[in-house]
**Student:** 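Structure below; questions to follow.
Just so you know, ligand 1 is whichever comes first in the structure, and atom 1 is the first atom listed for that ligand. Keep in mind that the numbers below use all heavy atoms, side chains included, and drop hydrogens, waters and symmetry copies.
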Amino acid sequence: MKYIFVTGGVVSSLGKGLTAASVGALLECSGLRVTFKKFDPYLNMDPGTMSPFQHGEVYVLDDGAETDLDLGHYERFTHAKLTRLSSCSSGQIYETVLRRERAGDYLGQTVQVIPHVTDEIKRRFTTPNEDADITIIELGGTVGDMEGMPFLEAMRQFALEIGKNNTLFIHVVLLPYVRTADEVKTKPAQQSVALLLGLGIYPDILMCRTERKMTDEVRAKLSLFCNVPINGVVEELDVESIYEVPSMLHEEGAHRIVLEHFGIEANDCDLSPWTNVTRKIRAPKERVHIALVGKYVEHKDAYKSVHEALVHGAIANGLPLDVVRIDGEMAEREDIRGLLQECSGVIVPGGFGDRGIEGMLRAIGYAREQNLPFLGICLGMQLAVIEFARHVANLDGANSTEFDEMTPHPVISLLDEQRQAVNKGGTMRLGSYECHVVSNTCLHRAYGQELIHERHRHRYEFNGAYRDILTSHGLCISGTHPSGLVEAIELPKHPWFVGIQAHPEFKSKPHAPHSLFREFIRAANLM
Ligand code: GLN
């Protein structure tokens, strides 16, 4: 097994995750098998308890692990099979170390960051030894952050132990463009690399995020002052679509540097999957406008996977896409017709808490009445049930007990096991569950299968006590779990109106767009 470590410098939000995923994609195109691990220095056990306003989306794996959104990039860009062990926080490391300390496992030693915490980090670099040729390990945060230090020290030790030709370091930096000087500046990158060098880490590749092309002079300067061979200075320009990054890094020869460093003889890199995707994205056609009505719209990354799955659905239909983000609270106040007038489809994604709920309900009601294609995901499905209950089945005040515990009609409510859950972290219905699909439904036409599996992350459920009354008014239950839980609903009289309790967005990829998003965009395009 070979290991690639990806660190970041200068500023956060440089797209380290995308870079890591793109390098992985290129290695896959060269015939290698890759896997990923993400280490995050925060103390939360996982991002499951963090607000999307702060941290962006929580990405869910098949096994129910709640992880950083970078794992979404890894899964979208490659075939890596990720698990709970692919994502690790300082909180998890410390929890393990402290549990071992209480158990007396350290046999009287003083338990310290070095070696005990760093040993635990190193152990997690290699466990489990997956079926892959290369493991790409990304460290969250920026070099120089205090809480990241034990991870960098563990990387240094690890590289020493398993040898230089088995490890490769990629450092992602920003080259800011200073307008008054009309120059791309290398000093912040130099200083960030100097920090790394001081920690005993010598980057092999310097990924330079820049909005302007680098001149040869800049490359030479970075190489000399950052102690990186000239061909290891790789330009990573801003691009319109994230799916152009693999092709761009290919042009820069990033994969060749990796292969040469490891001494791996690989196939010629077959980039066709990526060039196909970018060609489709660039095809000039009429755009399709989709309204995304939710609570966290102002945070760019809060609906990352939903956004990408919509992009994939548009790619599948050969259409450029515009996602119009509408804040749920704004939809409460403003004229809904005006807000949605340019849109030919409405999507309401997942979310928690009551902020903006009534606005989302208005958008759903509008989509239902105006025959606008609608896709409700998790919270979006629950709200579609509430809207239907209130306005079609005449159940006044129908609600979810999440928003109104005293509602006369709790059409969405908690199961007993959720009512008893004391801790908030890791106690939702999480991970992949099966769903039986009813024939002759939109859901069935989209999936073309009777049995589907999707990832879940929610506490509340469709309340079975309301099943008969809602279906007698025309709600179709198009998917169920073997236990009887409702997994999907739709409106047979509507051209395309689907709500699904799970999160299909987590399984969509640019070359394998998710069928539900593909069909949603297709229906919207027919409007
Ligand atoms: N808040 C809802 C629940 O917990 C929906 C969750 C979600 O959309 N992920 O059931």
**Student:** Once rounded to the nearest 0.5 Å, what's the spacing between atom NE2 of His55 and atom CD of Glu57?
**Tutor:** 10.5 Å

**Student:** Not counting sequence neighbours, which residues clear side-chain hydrogen bond (donor to acceptor under 3.5 Å, both in side chains) with Glu332? List them please.
**Tutor:** none

**Student:** So, using salt bridge (charged side-chain N to carboxylate O under 4.0 Å, His left out) as the criterion, who are the partners of Arg445 when residues are at least two apart?
**Tutor:** none

**Student:** Is the distance between the ring centroids of Tyr59 and Phe506 under 6.0 Å?
**Tutor:** yes

**Student:** Who are the side-chain hydrogen bond (donor to acceptor under 3.5 Å, both in side chains) partners of Thr471, not counting sequence neighbours?
**Tutor:** none

**Student:** Using a strict cut-off of under 4.0 Å between a residue heavy atom and any atom of ligand 1, list the qualifying protein residues by chain and number.
**Tutor:** Gly350, Gly351, Phe352, Cys378, Leu379, Gln382, Glu402, Arg457, His458, Arg459, Tyr460, His503

**Student:** Would His456 and Tyr433 count as a close aromatic pair, with their ring centres under 6.0 Å?
**Tutor:** yes

